[in-house]
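Remember, it's a predicted structure, so these values are computed and weren't measured experimentally. Reckoned from all heavy atoms, side chains included, excluding hydrogens, waters and symmetry mates.
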Amino acid sequence: MRKSLQDLLCQLKVSDEFKENIVHWETIEEKEAKTVDFPESIHFSIKSALQRRGINSLYTHQREAYELVMERKNIVAVTPTASGKTLCYNLPVLETIIENPNARALYIFPTKALAQDQKSEMNELIQEAGLNINSYTYDGDTPANIRQKVRKAGHIVITNPDMLHSAILPHHTKWVSLFENLQYVIIDELHIYRGVFGSHVANVIRRLRRICQFYGSDPIIICTSSTSANTP
């Protein structure tokens with residue numbers, strides 16, 4: 001029989017091998033979610049799609065993120081796991097592309113698996129809302145015959161730091177449609193970019209911003225993380 005979480009915690013408390021390592025034990029009471037209405041500027045198709053998914057309001061941090069981004073401010077959203085960080089960037093990105101079909105967004109995830117998951121979630125929302133928005137992943141598994149389509153017609157291009165460094169930035173002349181119209185750069189799982197890897201990615205982002213300036217764009221940077229502890 002599977003033990004409940006409470007049974008497991010009780011077992012750890014009395015375990016001679018474990019309890020001597022416990023300095024403090026505290027149960028944090030649950031907090032009621034703070035929600036607000038959708039912003040009036042949200043397109044009805046997006047709002048309807050979310051409502052069909054059972055989302056009838058936003059968390060306060062989601063609305064705050066949306067409003068700050070629509071004011072063209074760079075943001076970092078740091079909230080616990082499963083607190084809806086994805087909508088912090090998907091809402092302003094989709095709203096902007098609806099208003100301006102030439103607008104582009106670049107999503108950067110640390111792994112291909114995470115990028116594929118986000119692509120599936122994004123495409124489901126786009127289809128649910130009936131929007132004519134193209135969302136593609138661009139990584140080492142993207143077939144050669146699809147890559148040109150991604151470069152020319154991708155409203156949302158989802159990639160990873162290695163691919164951005166080796167396959168996109170060095171060939172920026174093939175990505176004119178993206179860089180001339182780039183409105184947003186999304187950097188998810190920000191806490192992963194630490195140490196030498198983090199330094200390398202920081203330089204890649206600096207190169208990205210210089211190329212954007214060359215093509216006359218100045219994208220908003222939206223970063224998200226589910227880890228709020230102090231890290232070296």
Side-chain angles (χ1 to χ4, degrees), residues 69-70 72-77 86 88-123 126 131-190 192-225:
V69 171
M70 296 306 286
R72 295 200 57 78
K73 294 181 179 179
N74 304 317
I75 68 164
V76 178
T86 301
C88 290
Y89 49 82
N90 279 348
L91 286 180
V93 166
L94 292 177
E95 184 66 31
T96 299
I97 296 174
I98 291 173
E99 295 176 0
N100 175 17
N102 291 322
R104 299 290 187 266
L106 181 66
Y107 285 39
I108 302 171
F109 297 98
T111 65
K112 291 195 296 183
L114 185 55
Q116 290 291 346
D117 289 343
Q118 290 294 322
K119 174 195 171 185
S120 298
E121 183 172 343
M122 170 63 82
N123 284 341
I126 289 172
L131 301 174
N132 186 23
I133 295 176
N134 299 319
S135 171
Y136 302 111
T137 54
Y138 194 85
D139 56 33
D141 295 329
T142 305
N145 61 326
I146 300 296
R147 295 191 177 196
Q148 184 174 359
K149 184 178 181 180
V150 178
R151 291 193 292 264
K152 299 295 183 183
H155 291 101
I156 300 170
V157 177
I158 303 171
T159 190
N160 56 71
D162 293 329
M163 202 68 179
L164 178 62
H165 166 67
S166 63
I168 296 179
L169 298 184
H171 307 287
H172 57 85
T173 54
K174 297 180 179 180
W175 292 85
V176 176
S177 296
L178 175 72
F179 290 119
E180 283 187 341
N181 300 286
L182 192 59
Q183 297 290 318
Y184 298 107
V185 174
I186 315 302
I187 306 174
D188 194 26
E189 304 294 337
L190 187 64
I192 288 180
Y193 303 113
R194 302 165 54 193
V196 174
F197 178 51
S199 297
H200 288 174
V201 173
N203 284 324
V204 171
I205 299 301
R206 292 186 181 101
R207 287 174 55 209
L208 168 63
R209 298 191 72 181
R210 287 198 299 269
I211 289 174
C212 288
Q213 287 181 334
F214 176 79
Y215 286 100
S217 62
D218 183 22
I220 301 300
I221 309 295
I222 306 174
C223 301
T224 62
S225 173

- What heavy-atom pair brings P92 and V69 nearest, and what distance separates the two atoms? CB-CG1, 3.6 Å
- Nearest atoms (heavy-atom pairs only) where N181 meets S177: ND2-O, 2.9 Å
- Query: Is there side-chain contact between I168 and R151, with at least one heavy-atom pair below 4.5 Å?
  - Reply: no
- Query: What's the spacing between H172 NE2 and F179 CZ if we round to 0.5 Å?
  - Reply: 8.0 Å
- Task: Answer yes or no: is there a side-chain heavy-atom contact under 4.5 Å between I108 and P161?
- Result: yes
- What distance separates W175 CH2 from Y215 OH, expressed to the nearest 0.5 Å? 12.0 Å
- Message: Show the nearest heavy-atom pair for residues D188 and L114, with the distance to one decimal.
- Response: OD2-CD2, 4.1 Å
- Taking all atoms of both residues into account, what is the closest heavy-atom pair of L164 and T159, and its distance? N-OG1, 4.1 Å
- Query: Side-chain contact, heavy-atom cut-off 4.5 Å: T86 with Q118?
  - Reply: yes
- Contact check, side chains of V93 and I186, non-hydrogen atoms, under 4.5 Å: yes
- Message: I'd like to check I187 versus Y193 (side-chain heavy atoms, cut-off strictly below 4.5 Å). Are they in contact?
- Response: yes
- Rounded to the nearest 0.5 Å, what separation is found between the CD1 atom of I221 and the CG atom of L106? 9.0 Å
- Task: Please check if the side chain of R72 supplies one atom and the backbone of M70 the other of a donor-acceptor pair under 3.5 Å.
- Result: no
- Task: Show your working on side chain to side chain contact (heavy atoms under 4.5 Å, CB included) between H165 and L169 and close with a plain yes or no.
- Result: CA-CA 6 Å; H165 166 67; L169 298 184; 5.7 Å; no
- Query: What is the distance from atom CG of N132 to atom CD1 of I98, rounded to the nearest 0.5 Å?
  - Reply: 11.0 Å
- Message: Can you confirm whether R147 is buried at CZ, in the sense that more than 12 heavy atoms of other residues, nucleotides or ligands lie under 6.0 Å from that atom?
- Response: yes
- Item | E99, CD: over 12 other non-hydrogen atoms inside 6.0 angstrom | yes
- Task: Show your reasoning for whether ring pair (Phe, Tyr, Trp, His ring centres under 6.0 Å) applies to Y89 and Y107.
- Result: CA-CA 10 Å; Y89 49 82; Y107 285 39; 5.3 Å; yes
- Item | V157 vs L178, side chain to side chain contact (heavy atoms under 4.5 Å, CB included): CA-CA, chis, key distance, verdict | CA-CA 9 Å; V157 177; L178 175 72; 4.3 Å; yes
- Query: Any donor and acceptor pair, going by atom type alone, linking the side chain of D139 with main-chain N or O of K112 inside 3.5 Å?
  - Reply: no
- Beyond-backbone contact of Q183 with I220, side-chain heavy atoms, under 4.5 angstrom: no
- Would you indicate whether F197, at its atom CZ, is surrounded by more than 12 heavy atoms from other residues, nucleotides or ligands within a distance under 6.0 Å? yes
- Note on the structure: Closest heavy-atom pair, V176 versus T173, reported as atoms and distance to 0.1 Å, is CG2-O, 3.2 Å
- Which atom of Y138 lies closest to which atom of M163, heavy atoms considered: O-CG, 3.4 Å
- Mind checking the CD1-CD1 spacing from I133 to I97? Nearest 0.5 Å is all I need. 5.0 Å
- Item | Non-hydrogen side-chain atoms of S135 and M122 separated by less than 4.5 Å | yes
- Task: With the side chain counted from C-beta on, respond yes when N123 and K119 share a heavy-atom pair under 4.5 Å apart, and no when they do not.
- Result: yes
- If only atom types and distance count, is the side chain of S217 paired as donor or acceptor with the main-chain N or O of Q213 below 3.5 Å? no
- Task: Report the C-alpha separation of I192 and V201 in whole Å, then their side-chain angles, then the decisive distance to 0.1 Å, and conclude whether the side chain to side chain contact (heavy atoms under 4.5 Å, CB included) test is met.
- Result: CA-CA 10 Å; I192 288 180; V201 173; over 6 Å; no
- CG/L94 to CD1/I156 distance, rounded to the nearest 0.5 angstrom? 5.0 Å
- Distance-only, no hydrogens or angles: does the T96 side chain make a donor-acceptor pair with backbone N or O of A103 under 3.5 Å? no
